[in-house]
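Data first, discussion second: the structure below is written as structure tokens.
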Amino acid sequence: MFRRTSRFLLSFVMLMAAALAGVVATAGTAQADGCYTWSRTLSQGANGADVTQLQIRVAGHPGSGGVLAIDGDYGPATTAAVKRFQSAYGLGSDGVAGPATFSKLYALQDDDCTPVHFSYGELNDCNSTWAGGAVSAATAKSNALRTMWKLEALRHALGDQPVTVTSGFRSQACNDAVGGAAGSRHLYGDAADLGAGPHSLCKLAQQARSHGFNGILGPGYPGHSDHTHVDHRASRFWSASSCGI
């Protein structure tokens with residue numbers, strides 16, 4: 001009887017130890033998410049695909065005039081962007097992406113990885129395939145996703161009031177139909193035209209300077225009296241003379 005009881009107690013202790021070990025092993029793991037789940041805390045010096053996913057989502061917080069490289073390397077610029085993201089949403093701004101930062105990102109994204117206030121449909125009223133532009137359909141759609149996360153940051157900075165997208169990706173045929181420029185960034189899927197709403201076109205253009213857009217065209221630039229255009233061209237070109245830009 002004593003041996004049987006001892007074996008039972010030993011088995012119970014081993015089961016409890018295993019359960020406790022499981023809790024310890026998973027305690028630092030980020031919660032599951034329908035789009036993307038980070039499995040480790042990220043900080044300066046880290047690199048990899050999970051850093052790239054983080055950069056896409058904080059690229060709208062590079063600071064005035066800044067553009068964050070989406071390169072998978074967690075350097076000083078990424079640290080600074082994470083700090084600004086954390087500060088914007090009332091988190092401790094230490095530049096380290098951990099559970100609190102990831103939880104906020106999970107709350108901000110839908111299961112298709114778009115930010116909650118924007119959708120692929122808004123960034124493409126040309127076709128459903130993202131084909132026919134200056135880059136592959138996959139690249140155009142990926143570029144549009146990056147644009148949406150920058151627009152989400154812009155929207156939040158403007159008091160979480162709606163930002164209306166009037167034009168996004170265009171195939172060559174769609175671009176020709178609206179008289180778009182031959183080399184329009186809309187053909188790459190990385191551009192968006194914004195219409196006036198709660199905010200004036202000038203306010204949108206002015207605020208966009210802090211959210212990672214190399215291209216900003218607005219009132220005062222030919223053909224842009226009724227919208228503000230933002231894009232990801234390779235080098236900076238800002239022109240909205242009526243808005244002081």
Side-chain angles (χ1 to χ4, degrees), residues 35 56-62 64 67 85 88-89 105 107-130 132-133 140-171 173-181 184-233 237-245:
C35 162
I56 289 170
R57 290 157 179 78
V58 302
H61 301 269
S64 180
V67 176
F85 172 85
Y89 287 98
L105 289 172
L108 284 173
Q109 68 185 13
D110 288 325
D111 285 351
D112 64 354
C113 297
T114 59
V116 292
H117 297 108
F118 297 92
S119 68
Y120 283 117
E122 286 180 274
L123 270 290
N124 182 1
D125 59 4
C126 170
N127 60 39
S128 61
T129 63
W130 297 84
K141 191 172 183 180
S142 175
N143 287 343
L145 180 65
R146 299 181 184 196
T147 299
M148 283 186 270
W149 278 101
K150 293 185 179 186
L151 291 176
E152 184 71 25
L154 171 68
R155 185 186 190 280
H156 183 63
L158 290 172
D160 282 317
Q161 294 180 303
V163 170
T164 302
V165 178
T166 61
S167 183
F169 167 75
R170 299 174 192 159
S171 67
C174 289
N175 193 57
D176 290 345
V178 298
S184 172
R185 295 307 306 183
H186 290 280
L187 295 166
Y188 295 81
D190 67 7
D193 291 344
L194 310 178
H199 310 289
S200 69
L201 297 177
C202 280
K203 184 64 176 177
L204 293 169
Q206 292 160 352
Q207 187 63 47
R209 294 175 294 181
S210 294
H211 298 290
F213 294 106
N214 257 340
I216 304 174
L217 306 174
Y221 186 78
H224 290 70
S225 61
D226 61 350
H227 68 279
T228 288
H229 169 100
V230 293
D231 66 48
H232 305 317
R233 66 188 66 199
F237 183 74
W238 294 351
S239 183
S241 58
S242 296
C243 309
I245 298 174

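Small disclaimer: the values here were computed from a predicted structure and weren't measured.
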Is the shortest heavy-atom distance from the side chain of Phe118 to the side chain of Leu151 under 4.5 Å? yes

Minimum side-chain heavy-atom gap Ser239-Leu217 below 4.5 Å: yes

How long is the straight-line distance from CZ of Arg146 back to CD1 of Ile56, given to the nearest 0.5 Å? 4.5 Å

Could you give the distance from CE (Met148) to CZ (Arg57), rounded to the nearest 0.5 Å? 11.0 Å

Asn175 and His186: side-chain donor and acceptor closer than 3.5 Å? no

Hey, can you tell me if Trp130 and Tyr120 have their rings parallel, tilted or perpendicular (30° and 60° cut-offs)? perpendicular

Write down the atom of His156, the atom of Ala88, and the distance for their closest heavy-atom approach. NE2-O, 2.9 Å

With His199, which residues qualify under ring pair (Phe, Tyr, Trp, His ring centres under 6.0 Å), at least two apart? none

So, for Pro115 and Asp110, which heavy atoms are closest and what is the spacing to 0.1 Å? O-OD2, 4.1 Å

Centroid separation under 6.0 Å, is that true for the rings of Tyr221 and His229? no

Decide yes or no for Leu194 and Leu154: does some side-chain heavy atom of the first lie under 4.5 Å from some side-chain heavy atom of the second? yes

List the atom of Cys113, the atom of Trp149, and the distance in Å for their closest heavy-atom pair. O-NE1, 3.1 Å

With sequence neighbours excluded, what pairs up with Asn214 under the side chain to side chain donor-acceptor pair (under 3.5 Å) test? none

Donor-acceptor contacts under 3.5 Å from residues 201-210 side chains, at least two apart:
residue : atom : partner : partner atom : Å
Gln206  : NE2  : Cys243  : O            : 3.0
Gln207  : NE2  : His211  : NE2          : 3.0
Arg209  : NE   : Gln206  : O            : 2.9

Is there a side-chain contact between Thr114 and Gln109, using heavy atoms and a 4.5 Å cut-off? no

Any side-chain donor-acceptor pair under 3.5 Å between Asp226 and His224? no

Taking only Lys NZ, Arg NE, NH1 and NH2, and the carboxylate oxygens of Asp or Glu, determine whether Asp193 and Arg170 approach each other closer than 4.0 Å. yes

Do any N or O atoms from the side chain of Asn127 and from the backbone of Thr129 form a donor-acceptor pair under 3.5 angstrom? yes

Is the closest side-chain heavy-atom distance between Phe85 and Leu108 below 4.5 Å? yes

If you take all heavy atoms of Ala144 and Leu123, which pair is closest and at what distance? CB-CB, 4.2 Å

Under 6.0 Å from the six-membered ring centre of Phe213 and within 45° of its axis: does the NZ or CZ of Lys150 meet both? yes

Are side-chain N/O atoms of Arg155 and Gln161 paired as donor and acceptor at under 3.5 Å? no

